[in-house]
Amino acid sequence: MSKLILYQRDYCHLCDQALAVLAEASAPDFDSVWVDDSALLAQRYGTRVPVLRDDRDGRELDWPFDATRVRAFIGALR
């Protein structure tokens with residue numbers, strides 16, 4: 001299991017943009033979790049997606065983020 005989780009929704013253009021930003025930032029492997037698959041996750045993240053989460057310590061990076069912010073967020077993982 002990855003240390004990073006990207007919470008997202010189907011048919012979410014912001015989520016598509018977030019994926020492009022993660023690629024630009026050369027983010028390590030991450031798990032994608034679709035919030036619509038869980039009522040609890042939909043309630044927590046439904047209006048916030050996309051959200052990048054460090055599953056080890058619970059830090060979250062809410063959209064909007066760019067490659068620089070993602071690199072800084074990931075840098076704290078190391």
Side-chain angles (χ1 to χ4, degrees):
M1 183 171 184
S2 176
K3 299 172 192 167
L4 294 175
I5 299 171
L6 180 66
Y7 290 99
Q8 57 184 315
R9 298 187 105 130
D10 284 330
Y11 311 109
C12 168
H13 73 282
L14 297 177
C15 300
D16 294 340
Q17 291 176 17
L19 290 169
V21 169
L22 291 170
E24 179 185 347
S26 299
D29 288 340
F30 58 90
D31 293 323
S32 290
V33 174
W34 281 263
V35 301
D36 295 323
D37 291 342
S38 161
L40 180 63
L41 291 177
Q43 181 179 14
R44 181 172 180 183
Y45 293 107
T47 60
R48 294 174 50 204
V49 294
V51 175
L52 185 62
R53 178 182 170 86
D54 178 345
D55 204 35
R56 295 177 311 153
D57 63 11
R59 289 179 311 117
E60 294 181 340
L61 182 61
D62 285 13
W63 186 260
F65 47 77
D66 60 15
T68 300
R69 289 189 64 204
V70 169
R71 285 186 201 105
F73 185 81
I74 292 168
L77 293 174
R78 297 181 178 137

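A distance of 9.5 Å separates CG of Leu6 from CH2 of Trp63, quoted to the nearest 0.5 Å. With values rounded to the nearest 0.5 angstrom, Arg71 atom CZ is found 6.0 Å from Glu24 atom CD. With values rounded to the nearest 0.5 angstrom, Phe65 atom CZ is found 10.0 Å from Gln17 atom CD. Of the inter-residue distances, the one linking Arg53 atom CZ with Asp31 atom CG reads 12.5 Å to the nearest 0.5 angstrom. For the atom pair CG of Asp16 and OH of Tyr11, the computed distance is 11.0 Å after rounding to the nearest 0.5 Å. Separating the CD1 atom in Ile74 from the CG atom in Leu22 is a distance of 6.5 Å, to the nearest 0.5 Å.
A cation-pi arrangement is not found for Arg48 relative to Tyr7, the charged atom failing to lie both closer than 6.0 Å to the ring centre and inside a 45° cone about the ring normal.
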Step-by-step side-chain contact (heavy atoms from CB on, under 4.5 Å) determination, Leu52 to Leu4: CA-CA 7 Å; Leu52 185 62; Leu4 294 175; 4.3 Å; yes
Worked verdict on Asp55 versus Phe30 for side-chain contact (heavy atoms from CB on, under 4.5 Å): CA-CA 10 Å; Asp55 204 35; Phe30 58 90; over 6 Å; no
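Open room surrounds CG on Asp29; 12 or fewer heavy atoms of other groups in view lie less than 6.0 Å from it.
Between the side chain of Arg69 and the backbone N or O of Pro64, at least one donor-acceptor pair lies under 3.5 Å.
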Sequence neighbours left out, cut at 3.5 Å: what donor-acceptor pairs do the side chains of residues 32-42 make with other protein atoms?
{"unit_1": "Ser32", "atom_1": "OG", "unit_2": "Gln8", "atom_2": "NE2", "d": "2.9"}
{"unit_1": "Trp34", "atom_1": "NE1", "unit_2": "Asp10", "atom_2": "OD1", "d": "3.0"}
{"unit_1": "Asp36", "atom_1": "OD1", "unit_2": "Arg9", "atom_2": "NE", "d": "3.0"}
{"unit_1": "Asp36", "atom_1": "OD1", "unit_2": "Arg9", "atom_2": "NH2", "d": "2.6"}
{"unit_1": "Asp36", "atom_1": "OD2", "unit_2": "Arg9", "atom_2": "NE", "d": "3.4"}
{"unit_1": "Ser38", "atom_1": "OG", "unit_2": "Leu40", "atom_2": "N", "d": "3.3"}
{"unit_1": "Ser38", "atom_1": "OG", "unit_2": "Leu41", "atom_2": "N", "d": "3.2"}

